[in-house]
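These notes are about the structure you will find just below.
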Amino acid sequence: MEPVRSEFVPDPSLSREAMESLQRDIADAAVFDDDFDFDPATIRFGSAVDLTDDTQQRLTGDGPIVAGVDQAFLDDGDRALSAVVALQNGDVVERAHAVVDTEIPYIPGLLSFREGGAILAALSNLAIEPDLLVVDGSGCIHFREAGLATHIGVVVDVPAIGVAKNLLCGTPTEPIPDRMPEGERIPIEADDRVETAETGTVIGHAVQTRQYDSGTTSINPLYVSPGHRVSAVTTASIVAQCAAGYKLPEPMRLADRAADRHKRECLDG
DNA sequence: GCGACAG
DNA sequence: ATCTTGTCGC
């Protein structure tokens with residue numbers, strides 16, 4: 001798949017001011033409401049096909065194609081490796097990846113200008129057209145509501161959601177407990193750090209996709225937000241539904257593994 | 001000066 | 001993101 005909004009393609013050579021200006025334009029072009037054809041409820045993972053169960057419903061037709069995207073770095077960050085894994089009806093239907101030289105360092109709020117090029121290169125190597133992109137990083141939980149997932153989603157104009165392991169900005173409507181119960185979600189509201197949204201606007205959710213029943217250790221929640229063409233509530237539901245026994249939603253978990261695997265091959269031989 | 005933030 | 005063995009817990 002290729003960019004359809006070339007004017008928004010991340011350019012690492014831009015000045016910081018130009019980057020921030022572009023992000024505002026991207027946020028304007030982004031749609032933080034449900035605007036897609038497929039039925040989110042039909043997204044299925046795992047080979048949960050139990051032929052002995054008469055009550056189960058048979059899948060009619062093909063479910064949506066969901067693609068996970070994740071990055072790894074080589075040469076101490078000099079090169080970014082992006083991996084994409086596309087799933088449909090619980091099966092991997094295509095994989096793609098790309099390695100691109102990084103031009104700028106990591107700067108909070110400007111992540112897409114560091115990693116965006118590698119992601120778009122990987123997506124261009126993907127023949128299939130995904131119905132949804134699951135990107136590692138924030139979507140509209142961002143200072144200008146233009147995080148990595150939003151930037152990528154708008155450039156290729158495909159529904160996208162952002163899944164982050166840490167909160168960039170915004171405030172939970174209630175304190176995140178040390179041990180959030182599995183399945184629970186807490187809204188994240190825009191605060192004074194989110195320049196483009198009115199304070200109090202729900203921009204995402206903390207979602208606990210997995211939790212230990214007991215013990216000393218606990219798992220932290222994921223911070224999910226709309227990237228493009230998906231609402232905050234739907235984003236949380238999709239992520240919860242994509243959890244297949246692991247913290248990360250299955251498409252992202254597989255992309256994560258693919259990125260690490262490619263990285264190794266790139267190092268040793 | 002203080003605050004502090006994805007990957 | 002990345003540097004990294006053993007180790008605590010189910």
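Per chain, numbering begins at 1; letters A, B, ... match sequence-line order.
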Quiz item: Does the A:Thr201 side chain pair with the main chain of A:Glu198, one donor and one acceptor, at a distance under 3.5 Å?
Solution: yes
Quiz item: For A:Leu167, which contact category applies under a 4.0 Å heavy-atom criterion: base, sugar-phosphate, or nothing?
Solution: sugar-phosphate
Quiz item: Within the distance-only criterion (no hydrogens, no angle test), does the side chain of A:Glu145 pair as donor or acceptor with the backbone N or O of A:Thr150 below 3.5 angstrom?
Solution: no
Exercise. Would you indicate, yes or no, if C:dA1 has its OP1 or OP2 atom less than 4.0 angstrom from a side-chain nitrogen or oxygen of A:Lys165?
Key: yes
Exercise. Take the angle between the ring planes of A:His151 and A:Phe113 and call it parallel below 30°, perpendicular above 60°, tilted in between.
Key: perpendicular
Self-check item: Side-chain donor-acceptor pair present, A:Asp33, A:Ser231, cut-off under 3.5 Å
Solution: no
Quiz item: Is a donor on one side and an acceptor on the other found under 3.5 Å between the side chain of A:Asp91 and the backbone of A:Val93?
Solution: no
Practice problem: Remember a base hit wins even if backbone is also touched, and classify A:Ala72 as base, sugar-phosphate or nothing at under 4.0 Å, heavy atoms. | Solution: sugar-phosphate
Quiz item: Given atom CZ of A:Arg114 and atom C1' of C:dA1, what is their separation to the nearest angstrom?
Solution: 8 Å
Exercise. Apply the side chain to side chain contact (heavy atoms under 4.5 Å, CB included) test between A:Ile188 and each candidate in A:Leu168, A:Thr171, A:Leu167; give the one that qualifies.
Key: A:Leu167
Quiz item: Can you list the stems that include DNA chain C, where a stem is three or more consecutive Watson-Crick or G-U pairs with distances under 3.5 Å?
Solution: none
Practice problem: Starting from the C-alpha separation in whole Å, work towards a yes-or-no answer on side chain to side chain donor-acceptor pair (under 3.5 Å) for A:His97 and A:Asn125. | Solution: CA-CA 7 Å; A:His97 70 102; A:Asn125 288 330; over 6 Å; no
Quiz item: For DNA chain B, what residues of residues 206-241 of chain A have any heavy atom nearer than 4.0 Å?
Solution: none
Quiz item: Hey, does the Lys NZ or Arg CZ of A:Arg229 hover above the aromatic six-ring of A:Phe36, less than 6.0 Å from the centre and inside 45° of the axis?
Solution: no
Quiz item: Ignoring hydrogens and geometry, is there a side-chain-to-backbone donor-acceptor pair from A:Ser218 to A:Asp178 under 3.5 Å?
Solution: yes
Exercise. Taking the side chain as every heavy atom from C-beta outward, state whether A:Val84 and A:Leu123 have any pair of such atoms under 4.5 Å apart.
Key: yes
Exercise. Have a look at A:Leu110 and say if it touches a base, only the backbone sugar-phosphate, or nothing, with a 4.0 Å heavy-atom cut-off.
Key: base
Quiz item: Looking across every strand, which nucleic acid part, if any, lies under 4.0 Å from A:Tyr106 by heavy atom: base, sugar-phosphate, or nothing?
Solution: base
Quiz item: Which nucleotide span of DNA chain B, 5' end to 3' end, has atoms closer than 4.0 Å to non-hydrogen atoms of chain A?
Solution: B:dC5 to B:dG7
Exercise. Give a yes or no on whether A:Asp76 atom CG has more than 12 heavy-atom contacts from other residues, nucleotides or ligands under 6.0 Å away.
Key: no
